[in-house]
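By convention here, the first residue in the shown sequence is residue 1.
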Amino acid sequence: ESVFYIESGVEFDFCINETVDTSVRVIADTAPGMGVGICSAEASNFFTIGFVPDLPCQVAVDLSCFIEDGNERINCKDIPMPEDQEDCIKEVVYATIITNVGEKRKTILSLDRTRDGDAADLIGLLNKRDLSPGEFAVAREEGQVLDFCQQRLVTTTVEVESEAFGVGQLECFEQATLVFSIAITCDVSVTAECFADPSRDFSVPCSDFNPFESDSLMIGCEHVHKYVYTITNTGPGDEVIESLVVTRDGLTNNILE
């Protein structure tokens, strides 16, 4: 079953060049107040206003967690609760992949990781720091231990700083967040969509909206957008949505409050 939440009246100035990045995190619970059936999911939506060029030092960051069993990799979120207590503790691998998605050579300046309040510098784990266009670097955190019998959420965030060759002192920052639940039957997903142009009943995706086009009835700089967040219960039982937290331009708001 899915439910929809609408965030309306979001205004943007189309006379200012910027990239609008919105992230949303939903927390659900199968047993409200008990603290044992909590799960979480995240989604993001971004679009460009005006003519903002891609920064030449940008990179793409991917974060994953898995168990290596021979030649097989099992995603941490897909590992069921062990039947025997002696099988609870397992070693996992966290892998961060940084890809040069631009047309210039890049240098990775820093790679910082935060997990459940613990911070670490992972720059020394990278197999390379200078990346030609299309190349990627990998940092593996091996020997990490998780208790797959203890119900909880595991949240990991990595932040990457990079610069491009021949572009002066321009530096870019990118991050990725991985959230998964352990030994929890609750499972939920969320999507974030943005729509523009009230003159066409908000039928235009924000990434396609240009108020200065001839087929748009909207003129001027200030325009109202609408966000639609879809939350789906993908688990086996009933779930209660505890919060829906939206972050945009550094501001965070629980739109259920």
Side-chain angles (χ1 to χ4, degrees), residues 17-25 41-79 90-116 118-146 154-180 189 191-192 205-208 247 250:
N17 289 355
E18 66 174 330
T19 297
V20 180
D21 193 351
T22 300
S23 64
V24 58
R25 182 179 183 186
E42 295 186 351
S44 63
N45 176 282
F46 69 93
F47 62 94
T48 299
I49 292 176
F51 302 95
V52 181
D54 290 335
L55 293 176
C57 57
Q58 268 187 328
V59 294
V61 183
D62 179 71
L63 177 61
S64 61
C65 174
F66 52 86
I67 287 180
E68 293 181 319
D69 185 8
N71 294 326
E72 183 181 8
R73 288 184 176 182
I74 305 174
N75 195 304
C76 290
K77 70 180 182 63
D78 296 329
I79 298 173
K90 298 181 183 296
E91 283 194 2
V92 303
V93 177
Y94 288 91
T96 302
I97 300 178
I98 305 171
T99 305
N100 181 352
V101 295
E103 299 179 353
K104 293 182 177 293
R105 289 187 63 195
K106 310 288 197 309
T107 296
I108 308 302
L109 301 178
S110 66
L111 173 59
D112 298 314
R113 184 267 293 158
T114 302
R115 180 177 306 119
D116 298 335
D118 175 67
D121 180 356
L122 304 185
I123 192 68
L125 297 182
L126 281 173
N127 64 331
K128 62 174 70 174
R129 293 178 59 183
D130 293 334
L131 302 177
S132 297
E135 281 191 326
F136 64 89
V138 181
R140 288 170 53 101
E141 277 193 279
E142 300 180 348
Q144 303 296 301
V145 176
L146 288 177
V154 181
T155 302
T156 302
T157 299
V158 293
E159 295 185 353
V160 177
E161 180 183 5
S162 64
E163 67 176 0
F165 283 88
V167 193
Q169 298 299 312
L170 181 62
E171 298 175 356
C172 290
F173 298 86
E174 192 62 66
Q175 72 173 28
T177 299
L178 174 69
V179 181
F180 61 91
S189 66
T191 62
C206 293
S207 57
D208 297 333
T247 301

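Considering all non-hydrogen atoms of both residues, F165 and K104 come closest at O-CD, 4.1 Å. When all heavy atoms of A43 and A192 are compared, the closest pair comes out as CB-N, 4.1 Å. When every heavy atom of G143 is checked against every heavy atom of E91, the shortest pair comes out as CA-OE1, 3.9 Å. In terms of heavy atoms, T99 sits closest to G134 at CG2-O, 4.4 Å.
At least one side-chain heavy atom of T155 sits less than 4.5 Å from a side-chain heavy atom of R25.
By the side chain to side chain donor-acceptor pair (under 3.5 Å) test, R113 is found to be paired with D118, E141, residues two or more places apart in sequence or in another chain being considered. The side chain to side chain donor-acceptor pair (under 3.5 Å) search around S110 returns E161, not counting sequence neighbours. Here T157 pairs with T177 under the side chain to side chain donor-acceptor pair (under 3.5 Å) rule; sequence neighbours left out. Here D78 pairs with N75 under the side chain to side chain contact (heavy atoms under 4.5 Å, CB included) rule; sequence neighbours left out.
With rounding to the nearest 0.5 Å, the separation of CZ in F180 from NZ in K77 is 10.5 Å. Atom OG of S23 sits about 7.0 Å away from atom CD of E42, to the nearest 0.5 Å. I98 CD1 to S162 OG: the interatomic distance, rounded to the nearest 0.5 Å, is 8.5 Å.
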Show me the donor-acceptor pairs, under 3.5 Å and distance only, between side chains in residues 61-73 and residues at least two apart or in other chains.
from, atom 1, to, atom 2, distance (Å)
E68, OE1, R140, NH2, 3.2
E68, OE2, R140, NH1, 3.2
E68, OE2, R140, NH2, 3.3

Scan the side chains in residues 122-130 for donor-acceptor partners under 3.5 Å anywhere in the protein, sequence neighbours excluded, and list what turns up.
from, atom 1, to, atom 2, distance (Å)
N127, OD1, V138, N, 2.8
R129, NE, I108, O, 3.0
R129, NH2, I108, O, 3.1
D130, OD1, T107, OG1, 2.9

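Under a 3.5 Å cut-off, the side chain of D112 and the backbone N or O of E159 do not form any donor-acceptor pair.
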